[in-house]
Amino acid sequence: LLLYGYKSVGPFAIGSLYNFVGYNPVEGYRVQFGGKTTSQFNEHLYLSGYGAYGFHDKTWKYSFTGAIGMNSKSIFRFPAHYLKLSYQYDAKTPGNEMSLSQSYNFIAALVWGNYNKFFYNRIFQAEYLHEFKSHFSYTAGFQYVRETPRGMLYFNHSDYSLQTNDKAYLPIAELYGKLRYAPHEKFYQEQLSRFTMPTSYPIFELEYRIGNKAFGNSYNYQKIRLSAFKRFKLSVLGYSDVALEGGKLFGTVSYPLL
């Protein structure tokens with residue numbers, strides 16, 4: 001319960017404890033309740049979801065996720081091989097708006113400052129992951145985001161000081177693929193989530209995304225990103241973690257896509 005925020009009750013886990021109460025300037029105080037299935041429910045099927053309510057914006061948010069294993073092994077065991085579908089409607093801060101993760105928890109109530117620019121996003125995602133014993137994996141998926149500005153954030157092409165929106169929302173539809181190679185990787189497995197334990201072996205990732213008006217995007221563009229991570233042991237001094245990342249966007253897009 002303290003490590004993951006969930007309390008197991010037979011085939012289900014209730015939580016997250018850390019997201020039960022949260023706060024931000026746009027939603028105000030929010031309460032959230034959710035849960036997910038465990039291996040006692042079904043080793044080849046995973047279901048999760050939550051519902052949340054903000055007392056300042058008076059708006060309900062929610063999320064549903066389902067994943068099904070594509071082989072005879074448990075969906076929670078290495079090597080992973082599954083198909084996952086997700087749908088979420090929730091508030092996001094710029095820079096985190098494309099993520100399905102939830103970041104507003106009780107610690108956010110201790111944060112002060114004028115962070116009042118938000119997105120309210122509807123996110124649909126379909127993803128296929130195939131992992132191999134060599135720790136090489138590939139991912140292919142489709143993601144559609146309807147990004148709506150809220151708080152003091154506006155989509156205005158002419159005069160931002162008018163505090164008006166030229167567009168009610170920004171549609172973002174992307175096809176993507178990712179290659180990952182992490183030889184001899186060690187990790188903690190918590191259902192579909194993993195927490196990597198850095199070793200002296202490197203981790204490489206190559207990701208490619210394409211947005212096109214043909215499948216509902218506002219712009220035509222391509223993105224490519226390459227990253228590498230490695231831990232170097234420095235004898236009695238300890239260790240140094242080195243992460244390198246580079247990317248390129250081909251096309252002209254609005255600022256939320258940069």
#### Entry: Non-hydrogen side-chain atoms of Arg30 and Phe20 separated by less than 4.5 Å
no

* To do: Indicate if Leu47 and Ile14 have the same hydrophobic cluster label, given that clusters are the connected sets of ILVMFWY residues with side-chain heavy-atom separations under 4.5 angstrom.
  => no

Rounded to the nearest 0.5 angstrom, the CD-CG distance for Gln163 and Leu153 is 11.0 Å

Same apolar cluster: Tyr87 and Tyr176, side chain cutoff 4.5 Å: no

To the nearest 0.5 Å, atom OH of Tyr144 lies from atom CD1 of Ile123 at 12.0 Å

**OP:** Determine, stepwise, if the pair Ile210 / Tyr208 fulfils side chain to side chain contact (heavy atoms under 4.5 Å, CB included).
**Re:** CA-CA 7 Å; Ile210 179 171; Tyr208 173 79; 4.0 Å; yes

Rounded to the nearest 0.5 Å, the NE2 atom of His81 sits from the CE atom of Met70 at a distance of 5.5 Å

On a heavy-atom basis, the closest approach of Pro171 and Asn217 is O-OD1, 3.7 Å

Looking only at heavy atoms, the pair that brings Lys167 and Ser218 closest together is NZ-OG, 3.8 Å

Checklist entry - Hey, mind stepping through Tyr138 and Phe132 against side chain to side chain contact (heavy atoms under 4.5 Å, CB included) and telling me if it holds? => result CA-CA 9 Å; Tyr138 65 87; Phe132 299 89; 3.8 Å; yes

Is any side-chain heavy atom of Glu205 closer than 4.5 Å to a side-chain heavy atom of Lys178? yes

Taking every heavy atom of Ala126 against every heavy atom of Leu85, the minimum-distance pair comes out as CB-CD2, 3.5 Å

query: Going hydrophobic residue to hydrophobic residue with side-chain gaps under 4.5 angstrom, can you get from Tyr128 over to Ile68?
result: yes

Pi-cation contact, Phe55 with Lys58 (under 6.0 Å, within 45°) | no

Worksheet item: Could Glu27 and Lys61 be called an ion pair, given the rule that one side-chain N must be under 4.0 Å from one carboxylate O?
Response: yes

Hey, is the main chain of Ser48 close enough, under 3.5 Å, to the side chain of Thr65 for a donor-acceptor pair? no

Excluding Ile203, membership of its hydrophobic cluster (Ile, Leu, Val, Met, Phe, Trp, Tyr; side-chain heavy atoms within less than 4.5 Å) reads Phe229

Side chain to side chain donor-acceptor pair (under 3.5 Å) filter on Tyr62, not counting sequence neighbours, yields Arg122

All heavy atoms of Pro149 vs all of Ala168, minimum pair found to be CD-O, 3.6 Å

Verdict with reasoning, Tyr219 to Asn212, per side-chain hydrogen bond (donor to acceptor under 3.5 Å, both in side chains):
CA-CA 6 Å; Tyr219 303 91; Asn212 196 282; over 6 Å; no

Taking only Lys NZ, Arg NE, NH1 and NH2, and the carboxylate oxygens of Asp or Glu, determine whether Arg180 and Glu185 approach each other closer than 4.0 Å.
yes

Apart from Phe187 itself, members of its ILVMFWY cluster (side-chain separation under 4.5 Å) are Phe78

Distance col, row Leu1:CG vs Lys7:NZ, nearest 0.5 angstrom, shows 7.0 Å

Query raised in the report: Can you check whether Gly49's main-chain N or O pairs, donor with acceptor, with Ser63's side chain at less than 3.5 Å?
Result: no

**Asked** Is any NZ, NE, NH1 or NH2 atom of the basic residue among Lys92 and Glu147 found under 4.0 Å from an Asp or Glu carboxylate oxygen of the other?
**Response** no

Value for CG (Leu170) from CG (Leu257), rounded to nearest 0.5 Å, stands at 5.5 Å

query = Is any side-chain heavy atom of Phe215 less than 4.5 Å from a side-chain heavy atom of Leu175?
reply = yes

Cationic N near anionic O, under 4.0 Å, Arg194 to Glu131: yes

(request) Could you go through the side-chain hydrogen bond (donor to acceptor under 3.5 Å, both in side chains) check for Glu174 and Gln143 one step at a time? (result) CA-CA 5 Å; Glu174 295 181 337; Gln143 181 169 270; 4.8 Å; no

In terms of side-chain heavy atoms, does Asn156 have a donor or acceptor partner in Thr164 at a distance below 3.5 Å? yes

* Where does the angle between the aromatic ring planes of Phe119 and Phe155 fall among parallel (under 30°), tilted (30 to 60°) and perpendicular (over 60°)? -> tilted

**Item:** Backbone N/O of Asp159 and side chain of Ser161: donor-acceptor pair under 3.5 Å
**Value:** no

Same cluster or not: Leu226 versus Ile224, using hydrophobic residues (I, L, V, M, F, W, Y) connected whenever any side-chain heavy atoms lie under 4.5 Å apart?
yes

- Task: Given side chain to side chain contact (heavy atoms under 4.5 Å, CB included), test Gln88 with Tyr50 step by step and report yes or no.
- Result: CA-CA 9 Å; Gln88 182 188 68; Tyr50 69 80; 3.1 Å; yes

**Request:** Using a 4.5 Å cut-off on heavy atoms from C-beta on, say whether the side chain of Leu2 contacts that of Tyr18.
**Result:** yes

*Would you check if Phe12 and Thr37 make a side-chain contact, meaning some heavy-atom pair closer than 4.5 Å?*
yes

query: Is there side-chain contact between His44 and Ser74, with heavy atoms separated by less than 4.5 Å?
result: no

Exercise. Quick one: do Leu162 and Met152 end up in the same hydrophobic cluster if we chain Ile, Leu, Val, Met, Phe, Trp and Tyr together by side-chain heavy atoms under 4.5 Å apart?
Worked result: no

### Task
Give the C-alpha distance, both sets of side-chain angles, the deciding distance and a yes or no for side-chain hydrogen bond (donor to acceptor under 3.5 Å, both in side chains) between Tyr6 and Glu190.
CA-CA 11 Å; Tyr6 284 86; Glu190 197 277 315; over 6 Å; no

**Request:** Report, as yes or no, whether the 6.0 Å neighbourhood of atom CZ on Phe142 holds more than 12 heavy atoms from other residues, nucleotides or ligands.
**Result:** yes

Connected to Tyr239, directly or through other members, by ILVMFWY side-chain contacts below 4.5 Å are none

Is there a donor-acceptor pair under 3.5 Å between the side chain of Asn121 and the backbone N or O of Ala91?
no

Taking every heavy atom of Pro183 against every heavy atom of Pro202, the minimum-distance pair comes out as CD-O, 3.3 Å

Interatomic distance, CG@Leu45 vs CD@Glu43, rounded to 0.5 Å, equals 11.5 Å

Original post:
Can you tell if the side chain of Gln191 reaches within under 4.5 Å of the side chain of Lys36, non-hydrogen atoms only?
Top reply: yes

Grouping ILVMFWY residues whenever side-chain heavy atoms fall under 4.5 Å, the cluster of Ile75 otherwise contains Tyr46, Phe76, Tyr82, Leu129, Leu192

Does a side-chain heavy-atom distance below 4.5 Å link Asp166 with Tyr154?
no

Across all chains, not counting sequence neighbours, the side chain to side chain donor-acceptor pair (under 3.5 Å) partners of His184 are none

- How far apart are the C-alpha atoms of Asn165 and Tyr169, what are their side-chain angles, what is the distance that settles it, and do they pass the side-chain hydrogen bond (donor to acceptor under 3.5 Å, both in side chains) test? CA-CA 9 Å; Asn165 284 303; Tyr169 61 87; over 6 Å; no

Quick one: do Tyr201 and His135 satisfy ring-ring contact (aromatic ring centres under 6.0 Å, His included)? Show the steps, please. CA-CA 12 Å; Tyr201 293 96; His135 292 271; 9.7 Å; no

message = What verdict does the ring-ring contact (aromatic ring centres under 6.0 Å, His included) test give for Tyr181 and Phe204, after you've listed the backbone C-alpha separation in whole Å, the side-chain angles of each residue and the deciding distance to 0.1 Å?
response = CA-CA 5 Å; Tyr181 183 50; Phe204 301 100; 7.0 Å; no

Report task. Output, in order, the C-alpha distance, side-chain angles, deciding distance and verdict of side chain to side chain contact (heavy atoms under 4.5 Å, CB included) for Arg209 and Glu207. Result -> CA-CA 7 Å; Arg209 289 178 175 265; Glu207 183 178 46; 3.5 Å; yes

